[in-house]
Peer 1: 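One structure is given below, represented as structure tokens, and several questions about it will come after.
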Amino acid sequence: MCERIYTNRKREAFMENERIWLSTPTMHGEEQVFIKEAFDTNWVAPLGKNVTEFENEMAHFVGVKAAAAMTAGTHALHLAVKLAGIKTDDIVICSDLTFAATVNPVSYENGTQVFVDSERDTWNMNPCALKIALEKYKDRVKAVVLVHLYGTPSKIDEIKALCDEYGVILIEDAAESLSATYKGKQTGSFGKYGAISFNGNKIITTSGGGMFLSDDEDAVQRVRFFSTQARESFPWYQHEEIGYNYRMSNIVAGIGRGQLLHIEEHRKLKENIYLRYKEGFKDLPVTMNPYEKCSVPNFWLSCMLINEDAMDNVNPEKIRLALEKENIEARPIWKPMHMQPVYKDNDFITNDDNVGEDIFRRGLCLPSDIKMTKAQQQKVIDIIKGLF
Ligand SMILES: *Cc1c(COP(=O)(O)O)cnc(C)c1O
């Protein structure tokens, strides 16, 4: 009884004090149907039908031959780096403007990251800077890890052509960009290996999880092997290599199957949020995160960039704090990797005037939760307008 009253109070408090979030999970109900089936058949753990089906459905959706479900997108990236054969002192060229999870797996395999700056058309890896990096390290570079930041596809053709020219493996970090397309093809399907994430704030979520993608079915099989402790096929436990415990559970996969049914709906809602910001800011010295005409982003997060000449009056931190005061969550742009203390010794290549650093200084991620009402979004827009 006491507990019930407490729960009701908590709910009321939540309703009164409705926070506008950056991006939170949106569940629909089908998730529970798949979970229930797992319970009913006692396939609670470890693997089972939901895992197999989720992998098949996701491979089909992205347009790759096979997929392996992992406990995190980071784990999919780790095994991609491992399969690329990265060893001590090998160089992996990485996007600089990104979340640390894009680049940390290189260190797990004792490789060394070289960071490449962004361009201004998509905020992703600059192909010209990539060429400089490939030329500089051509004897040591084995792979490129390319992120599609905030759901905006990179200049994939140019980057893929350079990877082919220099004979390096392209790994796509499509953690933020699931359902975004480039020239009609899904991100995550361009690299030799691709990784997606179902972390809580991504466009679809399993509470936590990820997936490894590839057209190379043997590679996907290898990833399944490494993610289940590298157990050889003997009746006893035989190990000839070091493995990991990275495999997604059947319950978690059930959530994913339910979510996947709604991915296009999520993408469309995110796009509408982006368009409303764009319209709302049209008289301000502000632009939205840009994309190329040949691509369709998933608009995972809407981000604003303040024009240089307006930075004297208002800056991203001022906006963030003004929103926070109204219980609205906004977040700084990812801090570039070359500015991170942990990567202070790694090389950073730019052919321009430090684009990533500039975007970090002038940009801000805005609430992009698909449950946000139009009135709530208008409130966000009005607060921001009031600051200019
Ligand atoms: C979320 C994210 C990841 C990591 O995914 P997890 O599932 O949280 O491990 C990797 N790269 C980028 C760019 C991300 O945003």
Side-chain angles (χ1 to χ4, degrees), residues 72-120 122-150 154-155 159 162-163 165-176 191-193 195 197 210 242 244 246 316-317 331-363 365:
T74 308
H75 298 156
L77 284 163
H78 177 194
L79 294 182
V81 168
K82 186 173 175 65
L83 256 65
I86 305 308
K87 300 206 169 52
T88 305
D89 292 337
D90 284 343
I91 293 227
V92 178
I93 296 175
C94 300
S95 297
D96 177 60
L97 184 64
T98 189
F99 179 39
T102 305
V103 307
N104 286 343
V106 174
S107 296
Y108 305 166
E109 294 298 315
N110 301 312
T112 302
Q113 300 87 344
V114 166
F115 301 115
V116 164
D117 199 10
S118 295
E119 32 78 5
R120 294 195 186 272
T122 75
W123 293 5
N124 290 306
M125 187 185 280
N126 185 331
C128 302
L130 170 61
K131 177 146 178 104
I132 297 169
L134 284 165
E135 202 43 52
K136 182 168 176 183
Y137 291 103
K138 64 180 166 209
D139 302 325
R140 283 174 64 199
V141 53
K142 293 268 169 65
V144 168
V145 183
L146 174 70
V147 74
H148 307 295
L149 207 68
Y150 300 126
S154 308
K155 298 195 172 186
I159 287 165
L162 282 166
C163 288
E165 185 186 335
Y166 284 83
V168 303
I169 290 173
L170 177 61
I171 298 171
E172 259 183 293
D173 178 357
E176 298 180 357
K192 184 163 169 59
Y193 309 130
S197 166
I242 299 294
Y244 303 87
Y246 280 176
E317 189 56 10
R331 197 165 66 182
I333 299 292
W334 298 122
K335 185 174 181 179
M337 289 302 117
H338 81 274
M339 297 171 75
Q340 301 289 354
V342 71
Y343 289 121
K344 66 181 188 314
D345 297 330
N346 294 57
D347 198 4
F348 167 64
I349 309 253
T350 178
N351 68 331
D352 204 338
D353 46 357
N354 235 321
V355 172
E357 219 166 302
D358 183 46
I359 293 169
F360 172 62
R361 188 173 60 87
R362 294 193 288 124
C365 303

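Excluded from the calculations below are hydrogen atoms, water molecules and symmetry mates; all remaining heavy atoms, backbone and side chain alike, are included.
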Peer 1: Nearest heavy-atom pair of Glu135 and Lys138: which atoms, and what distance?
Peer 2: OE2-NZ, 2.5 Å
Peer 1: Without hydrogens or angle criteria, can the side chains of Tyr150 and Asn124 be said to hold a donor-acceptor pair below 3.5 Å?
Peer 2: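 Side chains of Tyr150 and Asn124: no pair found under 3.5 Å.
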Peer 1: For residues Ser118 and Asn126, determine if any side-chain heavy atom of one lies less than 4.5 Å from a side-chain heavy atom of the other.
Peer 2: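 No - every pair of side-chain heavy atoms lies 4.5 Å or more apart.
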Peer 1: For residues 81-99, which side-chain N or O atoms pair as donor and acceptor with protein atoms under 3.5 Å away, sequence neighbours left out?
Peer 2:
{"unit_1": "Asp90", "atom_1": "OD1", "unit_2": "Lys142", "atom_2": "NZ", "d": "2.9"}
{"unit_1": "Asp90", "atom_1": "OD2", "unit_2": "Lys87", "atom_2": "N", "d": "2.8"}
{"unit_1": "Asp90", "atom_1": "OD2", "unit_2": "Lys142", "atom_2": "NZ", "d": "3.0"}
{"unit_1": "Ser95", "atom_1": "OG", "unit_2": "Val147", "atom_2": "N", "d": "3.1"}
{"unit_1": "Asp96", "atom_1": "OD1", "unit_2": "Met337", "atom_2": "N", "d": "3.3"}
{"unit_1": "Asp96", "atom_1": "OD1", "unit_2": "His338", "atom_2": "N", "d": "2.8"}
{"unit_1": "Asp96", "atom_1": "OD1", "unit_2": "His338", "atom_2": "ND1", "d": "3.2"}
{"unit_1": "Asp96", "atom_1": "OD2", "unit_2": "His338", "atom_2": "ND1", "d": "2.9"}
{"unit_1": "Thr98", "atom_1": "OG1", "unit_2": "Thr102", "atom_2": "OG1", "d": "2.6"}

Peer 1: Main chain of Gln113, side chain of Asn346: is a donor-acceptor contact present, judged purely on distance under 3.5 Å?
Peer 2: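 Flag set: sc Asn346 to bb Gln113 pair under 3.5 Å.
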Peer 1: So Val141 and Val114, do their side chains get closer than 4.5 Å, heavy atoms only?
Peer 2: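 Of all side-chain heavy-atom pairs linking Val141 with Val114, none is under 4.5 Å.
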Peer 1: Looking at every heavy atom in both Thr350 and Asn354, which two are closest together, and how far apart are they?
Peer 2: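 For Thr350 and Asn354, the tightest heavy-atom pair comes out as OG1-N, 3.8 Å.
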Peer 1: Do you know the tightest heavy-atom contact between Ser154 and Leu146?
Peer 2: OG-CD1, 3.5 Å
Peer 1: Find out whether Tyr193 and Leu77 are in side-chain contact, i.e. whether some heavy atom of one side chain is under 4.5 Å from a heavy atom of the other.
Peer 2: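 No - every pair of side-chain heavy atoms lies 4.5 Å or more apart.
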Peer 1: Side chains of Glu119 and Thr122, heavy atoms from C-beta outward: is any pair under 4.5 Å?
Peer 2: yes
Peer 1: Is the shortest heavy-atom distance from the side chain of Lys131 to the side chain of Glu165 under 4.5 Å?
Peer 2: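 Heavy-atom side-chain distance check passes, below 4.5 Å.
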Peer 1: With the side chain counted from C-beta on, respond yes when Val103 and Tyr343 share a heavy-atom pair under 4.5 Å apart, and no when they do not.
Peer 2: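 Yes, at least one pair of side-chain atoms sits under 4.5 Å.
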Peer 1: State, with a plain yes or no, whether a side-chain heavy atom of Asp358 is found less than 4.5 Å away from one of Arg120.
Peer 2: yes
Peer 1: Any chance you could lay out the side chain to side chain donor-acceptor pair (under 3.5 Å) test for Asp117 and Asn351, step after step, and finish with the verdict?
Peer 2: CA-CA 8 Å; Asp117 199 10; Asn351 68 331; over 6 Å; no
Peer 1: Have Glu176 and Ser197 got a donor and an acceptor in their side chains that come within less than 3.5 Å?
Peer 2: no
Peer 1: For Gly363 and Ile333, work out which heavy atoms get closest and say how close.
Peer 2: C-CG1, 3.4 Å
Peer 1: Can you name the nearest heavy-atom pair linking Ala195 to Gly73, along with the distance?
Peer 2: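 Closest approach of Ala195 to Gly73: CB-O, 4.3 Å.
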Peer 1: Residues in ring-ring contact (aromatic ring centres under 6.0 Å, His included) with Tyr246, at least two apart?
Peer 2: His75, His78, Tyr244
Peer 1: Output yes when Lys192 and Glu172 qualify as a salt bridge under the 4.0 Å nitrogen-oxygen rule, no when they do not.
Peer 2: no
Peer 1: For the pair Glu357 (side chain) and Phe360 (backbone), establish whether a donor and an acceptor sit closer than 3.5 Å, ignoring hydrogens and angles.
Peer 2: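 Not confirmed, Glu357 side chain does not pair with Phe360 backbone.
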Peer 1: Minimum heavy-atom separation for Gln340 and Lys335, please, with both atom names.
Peer 2: NE2-O, 3.0 Å
